Amino acid sequence: MNKQYKPREIEQKIYESWEKNKCFSPKDSASKFSIVLPPPNVTGTLHMGHAFQHTIIDVLVRYHRMLGKSVLWQPGTDHAGIATQLVVENRLSSSGVDPKSLSREKFIEEVWNWKELSGNTIISQTKRIGSSADWSRNRFTMDDGLSEIVKNIFIDLYDKKLIYRGNRLVNWDIKLQTAVSDLEVINEEKDGFLYHLIYSIKDSDESIVVATTRPETFFGDTAICVNPSDERYKKLIGRKIVLPMMNREIPIISDEIVDMEFGTGCLKITPAHDFNDYKIGKKHNLDFINILNKDGTLNEKVDKKYVGKNIHDVREELITDLEHLGVLREKVPYKNVVPVGERTGEIIEPLLTNQWFMNMTDLAKEGVDVVKEKKVNFVPKHWEKIYFNWLENIEDWCISRQIVWGHRIPAWFDENGNVYVGTCEDNIRTKYKISDSVKISQDNDVLDTWFSSALWPFSTLDWKKDDAIFNKYFPTNLLVTGFDIIFFWVARMIMMSLKFTGNIPFNKIYIHGLVRDSEGKKMSKSIGNVIDPLDVIEGISLDQLLEKRTTGLLSDNQKSNVIKKTKRDFPSGIKEYGADALRFNFCAMASTGRDINFDLKRIEGYRNFCNKLWNASRFIILACNDYDYKENQISKDSSIFDKWILYKLDSVVADFKKYTTNYRFDLMANSIYDFVWNEYCDWYLEISKNQMNDTTKNNLIFSIVRIIKVCHPIIPFITEDIWKEFYDKGFVTEPMLINSNFPSQIRISKEYDIESRVLKIKEIIKKVRKTRAELGIHPKEIIDVKIFVKDASLLKDISENTSLVNAMSNIKIEMVSQEERNVEFIDLIDDDYTLYLKIRRMIDTQAELRKIEKRIDELRRIIEKIDMKLNNKDFIERAPSDIINQNISNKTKIENDILSLRSLKNTLSD
RNA sequence: AGGCGCGUAGCUCAGCUUGGUUAGAGCGCCACCUUGACAUGGUGGAGGUCGUUGGUUCGAGUCCAAUCGUGCCUACCA
């Protein structure tokens, strides 16, 4: 074995051997554990969020696999309609091809080509972090099988009248020229103005003033609305105003929705271009005047001068015109919220269009019920509120998109606009008895990507195709995902599974936090603060990192800042830490759903941990080189230390189980870290050096094998590599760790005082070390120590282990049978024993005395506090007796400490 | 505006559900140590009035109320 742990040399080879040996396919077993991967975008690359999520999943998957279950981790990717289409369009454009010049078929072919080219990137990256998904079952939402299910489900929902076609106001992205989901619209606060416009009232000299942030929509106004109880305007209700420039008459109506306090208390209504106005328009039966073309230009319904101009460009021009006409009364600065398309950054326009909708009322109710009935549970629980809130306010889902990459809607129109839904043209003609003479053509729209994602938990598990697979693995045990995706995925998966399989898709939903940069900012290409998980695994030079971070920035003037920060935070780039360290870090940071601030120093710590584990294994291999290990069991004549370490290891095993059930991966990681480093390496391995007999050798091997197993789900690569060494040495018989069994508790000892006995010995060693360090006595100088032991069991333990105590604190110990008072010695006093240290040489006496005084004062204050409790009648009467006893024994202990300190003080003062 | 989090050591975070050790960890810092698994290491240490104020209680980092700071989500009054 190498002296140093080098992840680069082992990780890829190990992953290949797992794949070659088909380790990720489910084993045959009665009990199962299954999980579907929320499909990542096929055009994307792996980011920290994926890496975090995959780590959590993989820990659970590997653990359950080691428990001997049939484990299926179902992977795959999502076709991401709009995002993918944009990528391909941009590629075509930059190679000089106008995407719009291609036919639908040709364009789709281009997308498939691109998918073949880039679609595997994220998969190979996922493998690089060790994900043990069953790649032989990899699925893609546009695959034939999945597409078939999508189509059939659409038809079924249509036949059940849950999907319908309607002319409604939708969020329209004028750049993409498609409807987008309101989840894909970001509301941004922007500086704007509140424009006060004067409309004159027909057949009178009077006028009315409306306030608006979007004056350009006035071309489409079809009413003015005031509050019915507004004294200022009451008399005007029912009158008409004349729309300036247009000379169109529109009524003044009234509705309680109008806030009298805001603006002028007078609202212009543009039903075809505003969601609230739409509702008012419906309620009051107003005209709906659409003033917009699909590309965002104004149509012939507006003043001639403005026809063909982009609605986002005309505001200034229009305001000038209105000012000339005397229509503009004032312009008040105002912060308003503007809806912006997530993908394009374009202002989203509400637009009246024909779209396909899914009625969500009943589906949502069932989705709420299963969570209320605890059939589906969120971890952490508070996310269910978010879930309820969304489902309880849900509107019908607009499922059609005006793009070409995606599942084409299985609907056909005849020349009169009648709609027919079926699997194909032939099916339609039979189903609806349409003769061949009638021309029909398929709808050009495709389905929202999330429609197919909603089916993912059952469509990927061979629903209606392979009952054996489906019945075995569905419902899945768990969904691991980010909170930002609760609506996109979680809610819709639940609703669609209930509808079509009659069952929930998973019974637990673990919601993890966001991975942020070290300052807590969201990682984003446009801010230039992204850290790629692959770069943490394999390392990256500063130059390459700078190049990565300065491409894709929002603006050029950010560049120098990004360069400065990157140089400050990563002066020599990023070192190679390996996938295991990254995974351990994610586990350690995964507390109760909190966001993670990504800290490289922390990763380094876990890389060091890997090195520690590596070297502990190496030590045991070297130490046991001559030992013929064949019995996988505990020797009868184990020392208390042998028993103690197995006892501690047992509780780590128990912890692991507990922390998988309550999803506390941070505590799991800490439990392992603390045990391996602070107990096993710092104490047991050091102790073993002083008692390197066959029993200990046996116990070293027995324990390290168990440790490697327990560590494997978190850090699979290094443990599998160490396992190979163990296999070669005959420590284990199973060739691959991934296929081995997770340790169960062995409940090693019936001697329940083992831990406290070992603790005593550790305490003696630590006391000596501490005194030595405080007095500045060189580590190499052997101190003469006498010990008087009152407790019989301790007396036995010490006499049997004097050489060990000597070696670990570099002293020469002598057992004495009575108290010794001697000025040459300082006393370290405890309940059960007193230590006398012969200190010949002292350094900086004054500083030492000051420290001792300070410490004595501290301890006195603590005693005062305890006394206050003990002297309090209420405390004695009301507090439970074990608490009182605890306080009493603490007091004794602290008093002993003070005595020891006084002895030290006296010795020093002499 | 409403909802949900967060505020504990220089930094990143546990601990709060179920109140009771001298409030913990990693990193960083200081001193010493190139001892045969590991300097990606060892030994020891310094560092915290648990955001603030009140309340409940024998006892509050933990429960309650208020308040300040901060982050996110939802909805928006045009």
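Every value quoted in this text rests on a predicted model; they were computed, and no experiment measured them. A note on names: the letters A, B, ... follow the listed sequences, proteins ahead of strands, and every chain is numbered from 1.
Using a 4.0 Å cut-off, some side-chain N or O of A:S591 falls inside it from OP1 or OP2 of B:rA14. A close approach under 4.0 Å does occur between a side-chain nitrogen or oxygen of A:K770 and OP1 or OP2 of B:rG45. For the pair A:W677 and B:rG42, the criterion of a side-chain N or O lying under 4.0 Å from OP1 or OP2 is met. Between A:Y334 and B:rA78 there is a side-chain N or O to OP1 or OP2 distance below 4.0 Å. Considering only side-chain N and O atoms, A:N597 lies under 4.0 angstrom from the phosphate OP1 or OP2 of B:rC13. Proximity of A:N615 to the phosphate of B:rG41: no side-chain N or O atom is located under 4.0 Å from OP1 or OP2. Distances shorter than 4.0 Å separate none of the side-chain N or O atoms of A:R772 from OP1 or OP2 on B:rC32. In this structure, A:K891 does not reach the B:rU22 phosphate: none of its side-chain N or O atoms is under 4.0 Å from OP1 or OP2.
The side chain of A:K766 approaches B:rG44 more closely than any other nucleotide in the set B:rG7, B:rG44, B:rU40. Proximity note for A:D599 (side chain, C-beta onward) versus B:rU12, B:rA37, B:rG20: the nearest is B:rU12. When the nucleotides B:rA37, B:rA14, B:rC27 are ranked by their closest atom to the side chain of A:K601, B:rC27 comes out on top. Proximity note for A:N608 (side chain, C-beta onward) versus B:rC4, B:rG44, B:rG41: the nearest is B:rG41. Among the nucleotides B:rG42, B:rG41, B:rU21, the one closest to any side-chain atom of A:N890 is B:rU21. Ranking B:rA75, B:rG20, B:rG5 by closeness to the A:H382 side chain, first place goes to B:rG5. For A:P779, the side-chain atoms get nearest to B:rC32 when compared with the rest of B:rA14, B:rC32, B:rG20. In this structure, the nucleotide among B:rU22, B:rG26, B:rG20 sitting nearest to the side chain of A:Y673 is B:rG26. With B:rA37, B:rG20, B:rA14 as the choices, the nucleotide that has an atom nearest any side-chain atom of A:F619 turns out to be B:rA37. Closest contact between the side chain of A:K612 and the listed nucleotides B:rC4, B:rC38, B:rG26 involves B:rC38.
In this structure, A:E725 places its CD atom 17 Å from P of B:rA37, rounding to the nearest Å. For the pair A:Q4 CD and B:rA39 P, the interatomic distance rounds to 6 Å; values are reported in whole Å. One atom, CD of A:E188, and another, P of B:rC72, lie 13 Å apart when rounded to the nearest Å. Rounded to whole Å, atom P of B:rC76 lies 15 Å from atom CG of A:D259. Going from atom NE2 of A:H778 over to atom C1' of B:rG44 covers 14 Å, rounded to whole Å.
If you take atom C1' in B:rG42 and the same atom in B:rU34, they sit 11 Å apart, rounded to whole Å. Going from the P atom of B:rA25 to that of B:rG5 covers 29 Å, rounded to whole Å. Comparing B:rU56 with B:rG10, their C1' atoms sit 36 Å apart, to the nearest whole Å. When the C1' atom is compared between B:rC30 and B:rG47, the two are found 11 Å apart, to the nearest whole Å. Of the P atoms belonging to B:rG26 and B:rA14, the separation is 16 Å, rounded to the nearest Å. Comparing the P positions of B:rU43 and B:rC38 gives an interatomic distance of 15 Å, to the nearest angstrom. B:rU8 and B:rU62 have their P atoms separated by 14 Å, with the value rounded to a whole Å. Rounded to whole Å, the separation between the P atoms of B:rA65 and B:rG3 comes to 13 Å.
Heavy atoms of A:K3 sit under 4.0 angstrom from primed sugar atoms or phosphate atoms, though from no base atom. When heavy atoms are screened at a 4.0 angstrom cut-off, A:L194 is found touching no nucleic acid atom at all. Residue A:R769 is in sugar-phosphate contact alone, with no base atom involved, counting any heavy-atom pair closer than 4.0 Å across all strands shown. Residue-level contact check: A:Y606 touches neither bases nor backbone, having no heavy atom under 4.0 Å from any strand. Residue A:R861 is out of contact with every strand shown, counting any heavy-atom pair closer than 4.0 Å. As judged by a 4.0 angstrom heavy-atom cut-off over every strand, A:M589 is placed among residues touching the sugar-phosphate backbone only. Contact annotation for A:R607: base contact, defined as any heavy-atom pair under 4.0 Å involving a base atom. Contact annotation for A:L685: base contact, defined as any heavy-atom pair under 4.0 Å involving a base atom. Here A:F388 lies out of heavy-atom contact (under 4.0 Å) with every strand. Nucleic acid contact class of A:N2 (heavy atoms, under 4.0 Å, all strands): none. Looking at heavy-atom distances under 4.0 Å, A:C681 makes contact with a base. Within the nucleic acid shown, A:D682 comes within 4.0 Å of sugar-phosphate atoms alone, with no base atom in reach, counting heavy atoms only.
At least one side-chain heavy atom of A:M1 sits less than 4.5 Å from a side-chain heavy atom of A:I722.
Between the CE atom of A:M868 and the CD1 atom of A:I863 there is a distance of 14.0 Å, given to the nearest 0.5 Å. To the nearest 0.5 Å, the span separating CG on A:L837 from OG on A:S809 amounts to 8.5 Å. Interatomic distance, A:T719 OG1 to A:I708 CD1, rounded to the nearest 0.5 Å: 6.5 Å.
Judged by Watson-Crick or G-U wobble contacts below 3.5 Å, the nucleotide B:rA9 has no partner. In this structure, B:rC63 and B:rG55 make a Watson-Crick or G-U wobble pair, each of the two defining distances being under 3.5 angstrom. Partner assigned to B:rU34 is none, using Watson-Crick or G-U wobble distances below 3.5 angstrom. With a cut-off of 3.5 Å on both Watson-Crick or G-U wobble distances, the partner of B:rU18 is given as none. Taking a pair to require two hydrogen-bonding distances under 3.5 Å in either a Watson-Crick or a G-U wobble arrangement, B:rA1 pairs with B:rU74.
In terms of heavy atoms, A:A211 sits closest to A:T264 at N-OG1, 3.7 Å. The heavy-atom pair separating A:H512 from A:G49 by the smallest distance is NE2-O, 4.4 Å.
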Please evaluate residues A:D831 and A:N896 with respect to the criterion side-chain hydrogen bond (donor to acceptor under 3.5 Å, both in side chains), reporting the C-alpha separation (whole Å), side-chain torsions for both, the decisive distance (0.1 Å), and the verdict. CA-CA 7 Å; A:D831 273 357; A:N896 282 332; 3.0 Å; yes

Ring pair (Phe, Tyr, Trp, His ring centres under 6.0 Å) between A:F609 and A:F584, intermediate numbers included: CA-CA 9 Å; A:F609 174 82; A:F584 206 112; 4.9 Å; yes

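A:D221 places no side-chain N or O within donor-acceptor distance of the main-chain N or O of A:A223, the cut-off being under 3.5 Å.
Mapping A:W383 and A:E686 onto RNA chain B via the closest heavy atom, the residue that lands nearer the 5' end is A:W383. The residue among A:R664 and A:N872 whose nearest nucleotide of RNA chain B is located toward the 5' end is A:R664.
Taking the six-membered ring for Trp and thresholds of 30 and 60 degrees, A:Y673 and A:Y606 have ring planes more than 60 degrees apart, a perpendicular arrangement.
Scanning atom types as modelled, no donor and acceptor separated by under 3.5 angstrom connect the side chain of A:E774 and the base of B:rA31.
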